[in-house]
Number of protein chains: 2
Amino acid sequence: MSGLRERKKAATRAALSWAAIRLTVARGYHAVLVEDIAQAAGVSPRTFNNYFASKAEAISARHLDRSRRVVDALRARPAGEPLWRAIEAAFLTSWAPGPEVEQSPPGAHEEWVAGLRVMLAEPALQGEMLRAGAVAAAELAEAVAERTGTDAGRDLYPHLVAAAVNAGVGAAMRHFLRAERPEPMERLLSDALAQLAAGLPPPR
Amino acid sequence: MSGLRERKKAATRAALSWAAIRLTVARGYHAVLVEDIAQAAGVSPRTFNNYFASKAEAISARHLDRSRRVVDALRARPAGEPLWRAIEAAFLTSWAPGPEVEQSPPGAHEEWVAGLRVMLAEPALQGEMLRAGAVAAAELAEAVAERTGTDAGRDLYPHLVAAAVNAGVGAAMRHFLRAERPEPMERLLSDALAQLAAGLPPPR
DNA sequence: CGCAAATATGCTGATCCCGCAAAATCTTGG
DNA sequence: CCAAGATTTTGCGGGATCAGCATATTTGCG
């Protein structure tokens with residue numbers, strides 16, 4: 001099952017995706033060729049397209065993988081836990097800033113975020129990013145269905161929850177990238193999920 | 001403002017988008033060349049790319065235009081009307097089945113829906129469709145902000161509402177296309193919006 | 001070790017998409 | 001109505017993407 005082959009494939013996939021992101025953030029989307037990405041990952045250009053159908057998909061792959069970890073995290077929550085508490089917990093564990101954020105030299109973080117902003121502004125990317133979210137949302141719907149005793153094949157409810165959660169994550173992320181001095185992602189996520197769970201009455 | 005030029009441009013855009021959809025539903029995404037679409041719309045292939053950056057964008061353009069009409073419809077609702085009632089009304093007027101549904105010969109409708117299913121299953125399209133929704137959602141957020149006295153530049157709320165509504169529409173649409181004998185789109189939409197407005201507690 | 005399956009690679013062609021400049025078309029002011 | 005100016009369409013050309021196919025390489029297993 002998890003032989004050398006599988007692990008090597010996952011490593012190549014991760015290397016390609018990471019190289020695609022790193023180069024794009026540094027140079028800009030159109031200044032990075034598939035050839036560059038393949039070279040940075042140590043494979044042939046043809047192999048790149050064995051893993052990803054497009055540059056955009058390679059860049060989105062990290063988002064997809066992370067979203068899938070959220071689904072796994074949700075499945076790992078205790079069965080008795082209330083749905084929305086479990087969802088929030090799954091997100092907060094999966095979106096915790098990794099150690100590399102602390103390690104990086106001061107200033108590098110701002111530079112990185114600025115590069116991300118430029119990258120995510122690229123129309124050719126936005127679609128694929130959203131698609132990654134949608135694919136993950138479909139899998140999330142399965143997990144929600146299991147947890148709530150609904151049927152992902154017949155009921156709207158689990159899909160509605162998954163799509164709303166996905167939308168909330170996206171809104172929080174864009175809010176984070178839009179703001180000059182943003183609130184921490186953690187708080188934004190919690191707020192968004194809480195509001196979705198409780199309903200969205202107009203303020204005041 | 002609305003001189004001959006503007007109208008002609010809108011007409012060409014609509015013709016290209018419609019030709020792209022029609023041909024793709026009939027033959028399949030990869031069997032339709034940009035050249036075919038341009039010819040069907042009576043313009044040169046080069047002109048196609050003056051209007052759309054890609055085949056996928058051309059196909060998504062109808063979705064985008066319809067979503068924009070929803071935003072306009074929302075703005076046209078009376079200012080005193082409660083937010084969620086206004087949103088629902090805006091959708092129901094914009095998504096009402098047009099006269100062409102009735103006119104078409106029996107059987108043609110099923111064939112069309114089947115073709116749509118195949119078309120929307122195309123990965124290369126899904127991203128662009130989602131992006132169209134996201135673009136419309138950003139504009140919807142503006143309208144929601146105006147109506148609720150929030151600030152689209154600083155508050156999360158209007159974006160959260162718009163993203164959730166967008167997600168609800170998507171979930172309803174996929175549910176519609178998934179089901180064998182689907183409920184009418186109108187009911188699905190209303191249900192989804194009502195649940196989003198009221199919150200999404202687990203059933204039972 | 002040696003074979004079978006999976007993976008990586010090279011080559012190639014169809015297609016896409018955009019920059020550029022010239023031609024065609026519309027708008028506007030007189 | 002006409003002529004100048006602005007906008008749009010078109011043709012050409014090139015750079016890049018992406019997938020099919022055949023081949024070579026690597027891996028897993030008996």
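Just the heavy atoms: all of them, side chains too, but no hydrogens, waters or symmetry mates, feed the values below. Convention: sequence-line order gives letters A, B, ...; per-chain numbering from 1.
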Worksheet item: Does A/Thr47 place a side-chain N or O at less than 4.0 Å from the phosphate oxygens OP1/OP2 of C/dT9?
Response: yes

Worksheet item: Counting just side-chain N and O atoms, does B/Lys8 come under 4.0 Å of either OP1 or OP2 of D/dT8?
Response: no

Worksheet item: Side-chain donor-acceptor pair under 3.5 Å between A/Glu183 and A/His175, yes or no?
Response: no

Worksheet item: Closest to the B/Leu33 side chain: C/dC17, D/dT17, C/dT15?
Response: C/dT15

Discussion item. Can you tell me which nucleotide in C/dC17, D/dT10, D/dT17 comes closest to the side chain of B/Val43?
Written reply: D/dT10

Discussion item. Any donor-acceptor pair, under 3.5 Å, between the side chain of B/Arg46 and the base of D/dG13, if you only look at N and O atoms?
Written reply: no

Discussion item. Does A/Tyr51 reach a base, just sugar-phosphate, or nothing at all? Heavy atoms under 4.0 Å.
Written reply: sugar-phosphate

Discussion item. Determine whether A/Ser190 and A/Leu92 satisfy the following criterion, side-chain contact (heavy atoms from CB on, under 4.5 Å), listing intermediate values before the conclusion.
Written reply: CA-CA 8 Å; A/Ser190 293; A/Leu92 292 187; 4.0 Å; yes

Worksheet item: Can you tell me how far P of C/dC16 sits from CD of B/Glu35, to the nearest Å?
Response: 9 Å

Practice prompt. Take atom CG of B/Asp36 and atom C1' of C/dA14, then tell me their distance rounded to the nearest Å.
Written response: 13 Å

Worksheet item: Over how many whole Å does the gap from B/Lys9 atom NZ to C/dC26 atom C1' extend?
Response: 13 Å

Worksheet item: Within this structure, what is the NZ-to-C1' distance between B/Lys55 and D/dC18, rounded to whole angstrom?
Response: 12 Å

Worksheet item: NE2 of A/His30 versus P of C/dC18: gap in Å, rounded?
Response: 8 Å

Worksheet item: Looking at side-chain heavy atoms only, is the closest gap between B/Glu122 and B/His30 below 4.5 Å?
Response: yes

Worksheet entry | Separation of A/Ile59 CD1 from A/Ile37 CD1 (nearest 0.5 Å) | 6.0 Å

Worksheet item: To the nearest angstrom, how far is B/Asn50 atom CG from C/dA24 atom C1'?
Response: 14 Å

Worksheet entry | Euclidean distance, atom CG of residue B/Asn49 to atom C1' of D/dG11 [Å, nearest integer] | 14 Å

Fill in: Other residues, nucleotides, ligands: >12 heavy atoms within 6.0 Å of A/Gln39 CD
no

Practice prompt. Let me know the distance between OH of B/Tyr29 and P of C/dA14, rounded to the nearest Å.
Written response: 19 Å

